[in-house]
Amino acid sequence: MVETRTIIGPALPNIPWEEKPEGCREVVWRSSRNPIIPRDAISSSNSVFNSAVVPFGDGFVGVFRCDDKARFMALHFGRSKDGVSWQIDEEPIQLITLDGSRRLAMGYDPRITLLEGRYYITWCNGFHGPTIGVAYTQDFVTYYQLENAFLPCNRNGVLFPRKIGGMYAMLSRPSDKGHTAFGDIFCSLSPDLTFWGMHRFVMGTIGGWQGVKIGAGPVPIETTEGWLLFYHGVCGSCNGFLYSMGAALLDRDEPWKVLHRCRTYLLSPQRDYECWGDVPNVVFPCAALADAETGRLAIYYGAADTVVALAFAQVDEVIDYIKRNPTLARR
């Protein structure tokens with residue numbers, strides 16, 4: 001009998017993990033140590049949330065959104081042995097720009113993609129409105145900034161971890177300058193990570209918990225069933241927006257094609273740290289670790305735009321959930 005594995009990628013034996021609590025009926029369950037990063041993780045921070053994590057060396061590193069006490073946003077580097085207890089640098093990341101100058105990295109909601117031996121960081125950059133900034137590093141010491149990927153306004157830029165059809169691919173969510181009350185996910189292609197085009201609609205809002213806007217979350221995870229994409233969906237309530245997490249499977253060769261998409265959410269704001277904070281009622285996934293050997297997933301998410309939390313799942317259970325609770329609607 002030939003053993004098959006759902007996740008296409010390396011083993012990650014040191015992935016953060018907690019077994020599903022006895023009696024838990026959910027596909028995704030929260031860490032008992034949540035929130036794993038408090039709002040005052042560094043001396044200047046008002047909040048730390050919506051951040052990115054990847055394996056590196058014998059542990060983990062991350063790029064963290066830290067809003068300071070003047071309520072300015074910056075990206076900070078952090079390190080961890082176990083992916084749960086973090087040390088975050090007090091000083092923001094500095095980028096080396098195309099002309100060789102250095103400047104303070106300002107921005108929010110980063111993602112990190114390991115691609116062709118480099119760690120690419122995408123984030124919401126400021127350029128006459130929000131757009132997608134792109135930079136890379138190989139050592140998390142020196143960071144080189146590339147051209148912004150898109151015109152403003154745009155958010156939630158997420159690179160795929162390999163070329164598709166010989167092209168680099170990125171998901172994004174065109175938006176506006178404010179608290180966008182709309183938003184669909186698109187896929188764009190590039191030959192060189194500079195010039196982006198061939199924009200393809202992926203999927204849009206469909207009502208319920210994802211009726212106002214949606215946006216790509218962690219870097220897509222390649223599986224035998226397609227690209228597993230966790231994403232956030234937003235609905236309106238009498239108390240403002242409410243952010244939850246869902247998942248979809250995208251075609252491996254044409255990722256703008258949705259194979260399956262869940263109708264019901266996987267995780268919604270229910271715990272105190274998700275419901276109370278600077279922006280109440282927010283679950284915002286930005287990073288996911290995957291172990292191809294065991295199928296374990298560790299999902300990092302911002303809670304209430306204030307702290308970082310962690311959740312767990314098994315990849316086969318997530319895929320089964322998407323297929324059992326389907327909506328094939330793209331709009």
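The model shown is predicted, which means the values in this text are computed figures rather than measured ones.
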When rounded to the nearest 0.5 angstrom, what distance separates [atom1] in [X] from [atom2] in [Y]?
| X | Y | atom1 | atom2 | answer |
| --- | --- | --- | --- | --- |
| Ser47 | Arg71 | OG | CZ | 5.5 Å |
| Ser172 | Leu159 | OG | CG | 10.5 Å |
| Ser268 | His232 | OG | NE2 | 15.0 Å |
| Gln87 | Ser80 | CD | OG | 8.5 Å |
| Asn281 | Trp276 | CG | CH2 | 11.0 Å |
| Thr327 | Arg263 | OG1 | CZ | 8.5 Å |

Verdict with reasoning, Trp209 to Tyr231, per ring pair (Phe, Tyr, Trp, His ring centres under 6.0 Å) | CA-CA 12 Å; Trp209 67 272; Tyr231 66 95; 5.8 Å; yes

Do [X] and [Y] come within less than 4.5 Å of each other through their side chains, counting heavy atoms only?
| X | Y | value |
| --- | --- | --- |
| Val61 | Val53 | no |
| Tyr273 | Asn34 | yes |
| Pro285 | Tyr300 | no |
| Lys69 | Ser45 | no |
| Asn14 | Phe60 | yes |
| Phe182 | Val234 | no |
| Glu18 | Arg30 | no |
| Leu250 | Val202 | yes |

For [X] against [Y], the heavy-atom pair lying closest together:
| X | Y | result |
| --- | --- | --- |
| Ala216 | Ile185 | N-CD1, 3.6 Å |
| Pro16 | Asp82 | CG-O, 3.4 Å |
| Leu115 | Tyr120 | O-CE1, 3.6 Å |
| Cys235 | Gly208 | CB-O, 3.1 Å |
| Lys177 | Cys153 | CG-SG, 3.5 Å |
| Leu310 | Ala298 | CD1-CB, 4.0 Å |

Checking the side chain of [X] only, and the main-chain atoms of [Y] only, is there a donor and an acceptor separated by less than 3.5 Å?
| X | Y | value |
| --- | --- | --- |
| Asp305 | Val279 | no |
| Thr205 | Val212 | no |
| Glu90 | Ser43 | yes |
| Lys323 | His260 | no |
| Asn154 | Gly157 | no |
| Thr6 | Thr223 | no |
| Arg25 | Gly23 | no |

Please step through side chain to side chain donor-acceptor pair (under 3.5 Å) for the pair Asn46 and Asp67, ending with a clear verdict.
-> CA-CA 6 Å; Asn46 167 78; Asp67 290 12; 5.7 Å; no

Quick check on the 6.0 Å ring-centre criterion: do [X] and [Y] meet it?
| X | Y | result |
| --- | --- | --- |
| Phe64 | Trp86 | yes |
| Tyr108 | Trp123 | no |
| Phe284 | Tyr301 | no |

Assigning hydrophobic clusters by single linkage (Ile, Leu, Val, Met, Phe, Trp, Tyr; side-chain heavy-atom cutoff under 4.5 Å), is [X] placed with [Y]?
| X | Y | result |
| --- | --- | --- |
| Val258 | Ile214 | yes |
| Leu242 | Leu266 | no |
| Val54 | Leu12 | no |
| Val283 | Phe241 | no |
| Leu95 | Val63 | yes |

Please check if any side-chain donor atom of [X] sits under 3.5 Å from a side-chain acceptor atom of [Y], or the reverse.
| X | Y | result |
| --- | --- | --- |
| Tyr168 | Glu116 | yes |
| Thr180 | Arg155 | yes |
| Arg33 | Ser85 | yes |

Could you walk me through whether Asp99 and Thr97 pass the side chain to side chain donor-acceptor pair (under 3.5 Å) check?
-> CA-CA 5 Å; Asp99 62 5; Thr97 58; 2.6 Å; yes

Check this for me: [X], atom [atom1], are more than 12 non-hydrogen atoms of other residues, nucleotides or ligands nearer than 6.0 Å?
| X | atom1 | result |
| --- | --- | --- |
| Lys81 | NZ | no |
| Glu254 | CD | yes |
| Tyr321 | OH | yes |
| Asp139 | CG | yes |
| Tyr144 | OH | no |
| Arg79 | CZ | yes |

Can you say whether the rings of Phe312 and Trp29 are parallel (under 30°), tilted (30 to 60°) or perpendicular (over 60°)?
->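 The rings of Phe312 and Trp29 sit tilted, inter-plane angle from 30° to 60°.
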
Hey, mind stepping through Trp256 and Phe186 against ring pair (Phe, Tyr, Trp, His ring centres under 6.0 Å) and telling me if it holds?
-> CA-CA 7 Å; Trp256 48 90; Phe186 286 78; over 10 Å; no

Given Thr294, Thr224, Asp320, Leu228, the one that forms side-chain contact (heavy atoms from CB on, under 4.5 Å) with Val315 =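 Running side-chain contact (heavy atoms from CB on, under 4.5 Å) over Thr294, Thr224, Asp320, Leu228 with Val315 returns exactly one hit, Leu228.
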
Basic-acidic side-chain contact under 4.0 Å: Arg173, Asp184 =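 Answer for the salt bridge query: no.
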
Verdict with reasoning, Gln210 to Tyr243, per side chain to side chain donor-acceptor pair (under 3.5 Å) | CA-CA 8 Å; Gln210 47 190 326; Tyr243 286 67; over 6 Å; no

Derivation of the ring pair (Phe, Tyr, Trp, His ring centres under 6.0 Å) call for Tyr119 and Tyr136 | CA-CA 5 Å; Tyr119 294 87; Tyr136 73 87; over 10 Å; no

Intermediate values then yes/no, salt bridge (Lys or Arg N to Asp or Glu O under 4.0 Å), Arg324 and Glu317 = CA-CA 10 Å; Arg324 285 189 295 105; Glu317 291 186 12; over 6 Å; no

